[in-house]
Structure formats: structure tokens, C-alpha cells
A.B. asks: 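Structure in C-alpha cells, see below.
Numbered from 1 within each chain, the chains take letters A, B, ... in sequence-line order. The basis for the numbers below is simple: all heavy atoms, side chains too, and nothing from hydrogens, waters or symmetry mates. Everything numeric here is computed off the predicted structure, so don't read it as measured data.
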Amino acid sequence: SVRNEMALANAQQLINKCNEKCFQKCVTKPGTSLSGSEETCLSRCIDRYLEAFNVVSRAYTDRLKERQERP
Amino acid sequence: SVRNEMALANAQQLINKCNEKCFQKCVTKPGTSLSGSEETCLSRCIDRYLEAFNVVSRAYTDRLKERQERP
Amino acid sequence: SVRNEMALANAQQLINKCNEKCFQKCVTKPGTSLSGSEETCLSRCIDRYLEAFNVVSRAYTDRLKERQERP
Amino acid sequence: MDAFPQKELATFVENEQAQQRLNSSIHTFTDMCWDKCVTGLPSTQFSRSEASCLSNCVNRFLDTSLFLVKKIEEQREASRN
Amino acid sequence: MDAFPQKELATFVENEQAQQRLNSSIHTFTDMCWDKCVTGLPSTQFSRSEASCLSNCVNRFLDTSLFLVKKIEEQREASRN
Amino acid sequence: MDAFPQKELATFVENEQAQQRLNSSIHTFTDMCWDKCVTGLPSTQFSRSEASCLSNCVNRFLDTSLFLVKKIEEQREASRN
């Protein structure tokens with residue numbers, strides 16, 4: 001269905017962005033494998049990025065609702 | 001008309017770019033509303049970005065004319 | 001042919017990226033013409049960017065082959 | 001296509017496209033606000049200043065957009081007089 | 001379509017597309033030159049160094065492009081000999 | 001089209017598109033790894049640390065991608081139990 005396709009595309013874009021931002025932040029000098037501290041940083045970064053996505057998403061949709069109630 | 005549509009798209013892209021660059025420069029720690037100093041910064045930034053657009057536009061079109069006169 | 005068109009598009013994108021990255025790195029305060037030291041920097045930068053492209057390309061294709069051999 | 005009249009299909013497509021633009025904006029805003037607000041190494045929770053920066057970020061961006069449009073219209077008015 | 005022959009329509013579309021590419025380039029160059037030249041807080045006018053940086057920026061970018069193409073062609077020549 | 005059956009054409013197009021995606025990824029990775037690894041002024045050859053950074057960069061990015069997917073699946077599993 002169109003709804004499922006869009007939800008999948010949305011999830012894929014979120015994963016790609018999260019990957020890009022967390023690699024940028026946590027792996028500053030790429031070595032021959034991911035170190036323990038790099039993996040700890042990545043784990044935290046992933047949680048924080050998904051949280052940031054939810055905070056931003058809620059702030060934006062709340063704003064749009066406000067604008068509909070007080071045009 | 002096609003001309004009007006293109007002029008409108010061009011203006012919209014300029015506004016979007018100006019918005020992005022000036023928010024980046026002037027609102028470094030977003031608060032609960034835009035402060036007086038943030039608004040002053042934004043007002044100047046907007047004037048400067050539009051001015052930069054004109055300077056760059058003229059430099060580029062002058063260069064293209066030059067290349068037509070001396071191929 | 002499709003192959004030639006794709007090779008041409010690939011070369012064009014590489015030239016565009018190289019141009020962007022090396023202008024960014026070597027021409028920090030644009031003057032009325034490219035100086036000798038700017039041209040030296042650009043010459044080295046171009047060689048290094050093309051080398052980086054080959055290193056990255058080989059690392060990526062090797063990784064894809066590995067994944068095919070050990071699924 | 002008897003079960004799905006043309007008009008309802010057009011409305012459905014319009015809504016799905018609006019939802020897609022919304023999703024796209026949220027990704028762009030998250031990217032921008034992450035870069036602006038989360039400047040240090042990530043921790044097990046956001047600091048108070050990171051959290052308030054993230055929740056204010058989109059609203060201040062939209063306020064900036066309104067400010068810009070208002071300024072441009074004021075300059076147009078002034079140039080007509 | 002008698003009032004707008006096929007050949008003139010093709011020329012019109014080509015010109016409009018060329019204009020669109022020009023506009024698109026100007027936006028890209030303004031973005032790049034703003035980031036390179038306007039590094040501090042904006043003021044009520046550009047400083048002398050900001051102004052000259054902005055007017056030189058595009059031309060030096062295009063010079064860089066010519067330099068790059070020339071270098072690649074010189075390397076091709078050398079590899080043929 | 002007798003010389004080029006439908007099935008072989010579909011396979012050809014699929015392969016060309018896969019090659020195009022590969023090329024596109026290599027450009028994106030080169031851009032990302034250049035910014036990460038080549039931080040100073042360019043020289044007549046890469047330093048040892050620049051060279052090893054560039055050859056490790058793509059692989060660590062792909063490892064990060066696997067790590068991310070694994071973490072998300074672990075969190076899904078945990079939320080089911």
C-alpha cells in the first residue's frame with residue numbers, strides 16, 4: 001500500500017541520516033575496526049538522534065496545529 | 001506564463017537560502033522567542049545576503065559575456 | 001552507448017567534486033587572479049583527490065566482493 | 001475504478017503528498033537542529049540546554065521565516081511610496 | 001499550434017532551460033561565496049575585504065575549473081607519449 | 001527488437017542501474033572520507049595517517065551501518081518481550 005511504502009521510505013531516510021551524523025561524530029579517525037569507545041559513542045548517538053527526531057517532529061506538528069486553530 | 005513561474009521559483013529559492021544562512025548565523029542558541037539582538041542580526045543578514053546574491057550574479061553574468069566576446 | 005554516457009557522467013561528477021573541494025581548500029581569500037601558491041595547492045589537491053577517489057573506490061568494491069563470498 | 005471515484009482519488013493523492021512533504025521537512029529540521037544543538041559527544045541523555053535548544057529550534061526557524069517575509073514586504077511597501 | 005511553429009517552440013524551451021541553469025548556478029555560487037567570504041556577524045554594510053572577496057569569488061572558482069581541466073588534459077597528453 | 005529479447009533487456013537495465021548506484025555511492029564516500037581524513041593542506045603525497053584513514057573510512061562507515069541496524073533490531077526484540 002502507499003501508506004506502507006511511505007512509512008518504509010521515512011524509516012530508511014531516518015536510518016541513513018542517523019548513520020551519517022553518528023559516524024561523523026563518533027568515528028573521527030577510522031581504524032581497522034570499530035573500537036569499544038566508538039561503539040559506546042555510536043550507541044548513545046543513535047538513541048539521541050532518534051530522540052531528537054521525535055522532539056523536532058512533535059514541535060513541528062504542534063506548530064502546524066496551532067496555525068490551523070489561530071489562522 | 002513560463003517566465004513568471006521561473007521568476008517565482010527563483011525568488012522562492014533565494015528566500016529559502018537566505019532563511020537558512022541567516023538562521024544559522026544569527027540564532028545560535030534558539031530560545032523561547034527571537035530576541036531583539038537576534039532580530040537585529042537577522043535584519044542585517046537578510047540585507048547582506050540579498051546584496052551578496054546581486055554581487056555574485058553580476059560577476060557571473062559579466063564573466064559569461066566576456067567569454068562570448070573573446071571565445 | 002549507455003556505457004559511454006555513464007562513464008562520461010561519472011567523470012563529470014568527479015571533476016565537479018574535485019573542483020569544489022580543492023577551491024574550498026586552496027582559495028580561502030579569492031583575489032583578482034589565482035596566485036602561484038594557490039595554483040601549487042590546487043595542483044597537489046587535484047592529484048590527492050583523484051587518489052582518494054581510487055582508494056575509496058577499491059576499498060568499497062573489495063568490501064562488496066567479500067560480502068558476496070561470505071554471505 | 002468504480003469503487004474509487006476520481007475526486008476521492010485526487011484528495012487521497014493530495015493528502016499523501018502533503019504527508020510526504022511534512023516527513024521531508026521533519027528530516028531536514030532534525031538534521032539542522034542536531035547540528036545546531038548537539039555539539040559535543042553524545043551522552044546517555046540530553047543536557048537541559050540541548051533539550052531546550054532542540055524543542056525551540058524549529059519554532060525559531062519558522063519565526064525567522066516569518067520575519068524575513070515581513071521584512072521583504074515592508075521594503076516593497078517602502079519602495080512603492 | 002499554427003501560431004507557434006515547432007522550431008520556435010524548441011528554441012524557446014532551450015532558452016528557458018539555459019536561463020534556469022544560470023539561475024541555479026547563481027544560487028549555488030552565492031551559497032559557496034557567502035560561506036567563504038562572510039565569516040563574522042553581519043553588519044550594516046560589507047567590509048572592504050568581504051566585498052572584494054564576494055566579487056572575486058565566482059571568477060576564481062571558474063579559473064579553478066579551467067586549471068583543473070587543463071591539468072587533466074596535460075596528464076592525458078603525457079601518458080600518451 | 002528480435003535481437004534483444006525482453007528478458008535480457010531487463011537484466012541489462014538492472015545491471016546498468018546497479019552500476020550507477022555503485023558509482024553514486026563512491027562519489028558520496030569519497031566526499032565524506034576526504035572531509036574526514038584530509039584536514040590540512042594537500043601535499044605531494046598522503047601522509048601515513050591520511051592514507052590509512054582513507055582506506056579504513058568506507059569499511060568503518062559500513063560497520064557503523066551494520067551496528068545501527070543490529071541495535072534497532074535488538075530494541076525491537078526487547079520491546080516485544
Side-chain angles (χ1 to χ4, degrees), chain B residues 1-31 33-71, chain E residues 1 3-70 73:
Chain B
S1 80
V2 173
R3 287 268 159 78
N4 284 352
E5 261 189 62
M6 198 162 70
L8 194 68
N10 203 28
Q12 192 59 64
Q13 201 183 343
L14 181 55
I15 286 173
N16 291 344
K17 278 278 171 190
C18 186
N19 198 0
E20 172 202 326
K21 292 297 178 186
C22 293
F23 181 69
Q24 188 174 33
K25 216 179 245 301
C26 294
V27 187
T28 47
K29 285 186 184 314
S33 68
L34 293 177
S35 72
S37 62
E38 284 170 333
E39 291 196 339
T40 301
C41 178
L42 286 172
S43 188
R44 292 171 176 179
C45 181
I46 291 161
D47 287 336
R48 299 288 75 70
Y49 193 84
L50 298 181
E51 192 181 340
F53 180 85
N54 287 332
V55 169
V56 166
S57 188
R58 191 169 48 239
Y60 185 42
T61 50
D62 283 354
R63 173 84 175 222
L64 293 178
K65 280 183 201 155
E66 230 178 272
R67 222 198 298 177
Q68 283 183 318
E69 287 154 21
R70 265 176 292 188
Chain E
M1 287 284 268
F4 218 155
Q6 197 105 348
K7 186 176 130 188
E8 281 168 26
L9 186 61
T11 308
F12 172 78
V13 167
E14 205 183 291
N15 289 344
E16 293 304 306
Q17 285 180 335
Q19 184 64 43
Q20 205 160 12
R21 280 192 303 270
L22 192 90
N23 289 348
S24 178
S25 292
I26 293 170
H27 286 300
T28 303
F29 289 147
T30 304
D31 187 314
M32 173 185 76
C33 297
W34 173 269
D35 286 348
K36 188 182 281 295
C37 298
V38 187
T39 49
L41 284 178
S43 184
T44 49
Q45 63 181 38
F46 284 129
S47 69
R48 187 176 297 182
S49 82
E50 287 173 326
S52 78
C53 179
L54 284 168
S55 47
N56 290 327
C57 177
V58 182
N59 276 303
R60 300 299 78 75
F61 180 84
L62 296 172
D63 290 346
T64 299
S65 179
L66 293 171
F67 182 88
L68 167 56
V69 167
K70 193 176 92 171
E73 285 182 0

A.B. asks: Measure the spacing between CG of E:Asn23 and CG of B:Leu14 and express it to the nearest 0.5 Å.
C.D. replies: 10.5 Å

A.B. asks: Compare every heavy atom of E:Gly40 with every heavy atom of B:Lys25, then report the nearest pair and how far apart it is.
C.D. replies: NZ-O, 2.9 Å

A.B. asks: Any heavy-atom pair between the side chains of E:Pro42 and B:Cys26 that's under 4.5 Å?
C.D. replies: yes

A.B. asks: With a 4.5 angstrom heavy-atom cut-off, could you sort out which part of B:Ser43 is near chain E: side chain, backbone, both or neither?
C.D. replies: neither

A.B. asks: Report, as yes or no, whether the 6.0 Å neighbourhood of atom CD on B:Gln13 holds more than 12 heavy atoms from other residues, nucleotides or ligands.
C.D. replies: yes

A.B. asks: Measure distances from B:Leu42 to the heavy atoms of chain E and classify the residue's part below 4.5 Å as side chain, backbone, both or neither.
C.D. replies: neither

A.B. asks: Any chance you could measure B:Cys45, atom SG, to E:Leu41, atom CG, to the nearest 0.5 Å?
C.D. replies: 9.5 Å

A.B. asks: Between E:Asp63 and B:Arg63, does a side chain to side chain contact (heavy atoms under 4.5 Å, CB included) hold up when you go through it step by step?
C.D. replies: CA-CA 11 Å; E:Asp63 290 346; B:Arg63 173 84 175 222; 3.0 Å; yes

A.B. asks: Taking the side chain as every heavy atom from C-beta outward, state whether E:Val38 and B:Tyr49 have any atom pair closer than 4.5 Å.
C.D. replies: no

A.B. asks: Let me know if E:Thr28 has heavy atoms under 4.5 Å from chain B in its side chain, its backbone, both or neither.
C.D. replies: neither

A.B. asks: What's the spacing between B:Asn10 CG and E:Gln20 CD if we round to 0.5 Å?
C.D. replies: 9.0 Å

A.B. asks: In the structure I gave you, are the side-chain heavy atoms of E:Trp34 and B:Cys18 within less than 4.5 Å of one another anywhere?
C.D. replies: no

A.B. asks: Give, as side chain, backbone, both or neither, the part of E:Asp35 having an atom under 4.5 angstrom from any heavy atom of chain B.
C.D. replies: side chain

A.B. asks: When the ring planes of E:Phe29 and B:Tyr60 are compared, do they come out parallel, tilted or perpendicular, using 30° and 60° as the limits?
C.D. replies: perpendicular

A.B. asks: What's the shortest heavy-atom distance between B:Val56 and E:Ile26, and which atoms?
C.D. replies: CG1-O, 4.2 Å

A.B. asks: Starting at CG of E:Asn59, measure out to CD of B:Glu66 and round the result to the nearest 0.5 Å.
C.D. replies: 7.0 Å

A.B. asks: Does any backbone or side-chain atom of E:Cys57 lie under 4.5 Å from a heavy atom of chain B? Answer side chain, backbone, both or neither.
C.D. replies: neither

A.B. asks: Considering only heavy atoms, which portion of E:Phe12 lies under 4.5 Å from any heavy atom of chain B: side chain, backbone, both, or neither?
C.D. replies: side chain

A.B. asks: Kindly give the heavy-atom pair with the smallest separation between B:Arg48 and E:Ser43, and that separation in Å.
C.D. replies: NH1-O, 2.9 Å

A.B. asks: Determine whether E:Thr30 and B:Lys17 make a side-chain contact, defined as any pair of heavy atoms from C-beta on separated by less than 4.5 Å.
C.D. replies: no

A.B. asks: Roughly how far apart are B:Arg3 CZ and E:Gln19 CD, rounded to 0.5 Å?
C.D. replies: 8.0 Å

